[in-house]
Protein chains: 2
Amino acid sequence: MARMVAERADAIAPLAEVFREHGYEGASLALIGKATGLGKGSLYHFFPNGKEEMVRAVLGEIGQWFEDAVYSPLRNESDVNGAIRAMLASTDQYFRSGRRVCLVGALAVANTRDLFAQAIRGYFVAWVDALQSALIRQGREADQSRLLAEEAVLAIQGAIILSRAMDDPAVFQRAIDQLRGRLVIENDTSNYEGTTDVSPQNEGRLV
Amino acid sequence: MARMVAERADAIAPLAEVFREHGYEGASLALIGKATGLGKGSLYHFFPNGKEEMVRAVLGEIGQWFEDAVYSPLRNESDVNGAIRAMLASTDQYFRSGRRVCLVGALAVANTRDLFAQAIRGYFVAWVDALQSALIRQGREADQSRLLAEEAVLAIQGAIILSRAMDDPAVFQRAIDQLRGRLVIENDTSNYEGTTDVSPQNEGRLV
DNA sequence: ACGAGATTGTACCGATCGGTAAACAGATTA
DNA sequence: TAATCTGTTTACCGATCGGTACAATCTCGT
């Protein structure tokens, strides 16, 4: 059943990386080929519509990962504060404390925004909605939860930019810490240690 | 003394616009020529080092504008709350409530970051420093002021991304309103009206 | 009017762009 | 074995890329 040769799915992670690092227009087929180890023929065999289809595949994978790892717990987890803490920890790891760019955010400011507008919007709407749901279940008022959820999501995006501009991951981690203070309602006595940075070896994982 | 023909300075604003809209690599010389009305000959006459020199000129102009309109008042204005309010109003207008991308922020996440790393860093460091100075003069503690200043600057960057992703300038304006609530220490009775959106006609101004 | 310097238009360069076509190879199934 | 589906290689396409060269034009002080 499983094939010996490369599968389409194996190309998604390298594709995500090369689009993150070089953007949509900056990621040439030569770079893509190098990153995936696939020639043009194979690439167009897996993605007949070229780069656009590759990005859509990557966006789908990213959306699925966030759905499973972040949105769904925020919406369904009974331990709301735990889900929020998990969101912050996952985010910190996923974006490598700001060293890794958010592809969706980068696409949102590029001139290619219109091509993927729906996917970009969906990514952020789902995030804000899920976080708002969690904040409401904390007992907060709906409007305030909406505002706070928006603030949190945009703070993460801004933290990526600022920490990259400063070339200082501590900026990102301070932002995450601040968010934890504003989002989590403290009522337990457990001593939760702060930002958990990811170890540098497994840089290829997490989509 | 003043020449009849186009000057180098006249090209800066169109250059800024085209780099904002298309990024560094995406802004081809054809697009640049169209935006500035200058042929390659003139372009390379004014900017012998090509696109890199054009971007540096734009970054210099942007930095100067922010220095005069934002940083300097934050550092020197005796009416601290007024300077902060002015910063938020200027920012809202400059970025057209999130419809206009921040070139510096966009460069910070692009793969060309290293080329302009120093200018990018300087832009954000000056902003955070100036805002911290204002917050300290409000009577806040230095460390808290630093954190809050960082939060404010990254929130503006994140607000641009989120409002563009949502295609909704109201997201940006809500973020500005939230920032005003967190940054300005209310002690007067004057009724200050909220976010002031810029009129859509004069889109070419402000660098 | 003249020469000098500033500005511009145009042709051109090699390299690379995204994408296509088709021959080819490997495994699978009948 | 023959046919088929899947995947890979390679050569190639026209268009555009950033950049250069240089002649032509313009402006201005003398």
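Quick note on labels: first sequence line is chain A, next is B, and so on, each numbered from 1.
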task = To the nearest Å, give me how far apart CG (B:L115) and P (D:dG18) are.
result = 14 Å
ask   = Can you tell me how far C1' of D:dC17 sits from CD of B:E52, to the nearest Å?
value = 17 Å
ask   = Starting at OH of B:Y24 and ending at P of D:dC17, how long is that distance when rounded to a whole Å?
value = 15 Å
Which nucleotide in C:dT20, D:dG18, C:dA6 has an atom nearest any side-chain atom of B:H45 = C:dA6
key: Atom pair distance, as rounded to whole Å: CG in A:L29 and P in D:dC12   = 19 Å
inquiry  = Please determine whether salt bridge (charged side-chain N to carboxylate O under 4.0 Å, His left out) holds for the pair A:R56 and A:E53, giving the CA-CA distance in whole Å, both sets of side-chain angles, and the decisive distance to 0.1 Å.
reply    = CA-CA 5 Å; A:R56 292 197 189 281; A:E53 186 169 354; over 6 Å; no
remark   = To the nearest angstrom, the CZ-P distance between A:R8 and D:dC5 comes to 20 Å
inquiry  = Check this for me, if you would: do A:R113 and B:D167 make a salt bridge, where the nitrogen-to-carboxylate-oxygen distance has to be below 4.0 angstrom?
reply    = yes
inquiry  = Distance check needed: D:dG7 C1' versus A:D10 CG, whole Å only.
reply    = 13 Å
query = Among C:dT10, C:dG18, D:dG7, which is the nearest nucleotide to the side chain of B:K40?
reply = C:dT10
query = Closest nucleotide of DNA chain C for A:K51 versus for B:G39: which of these residues is on the 5' side?
reply = B:G39
request  = Take the angle between the ring planes of B:Y24 and B:F19 and call it parallel below 30°, perpendicular above 60°, tilted in between.
outcome  = parallel
inquiry  = Once you apply a heavy-atom cut-off of 4.0 Å, does B:F46 come out as touching a base, just sugar-phosphate, or nothing?
reply    = sugar-phosphate
task = Return the orientation label for the B:F124 and B:W127 ring planes: parallel under 30°, perpendicular over 60°, tilted otherwise.
result = parallel
key: Integer-rounded Å distance: C:dC13 C1' and B:Y44 OH   = 13 Å
ask   = If you check every side-chain atom of B:S28, which of D:dT8, D:dC17, C:dG19 has the closest atom?
value = D:dC17
Euclidean distance, atom NZ of residue B:K34 to atom C1' of D:dT16 [Å, nearest integer] = 13 Å
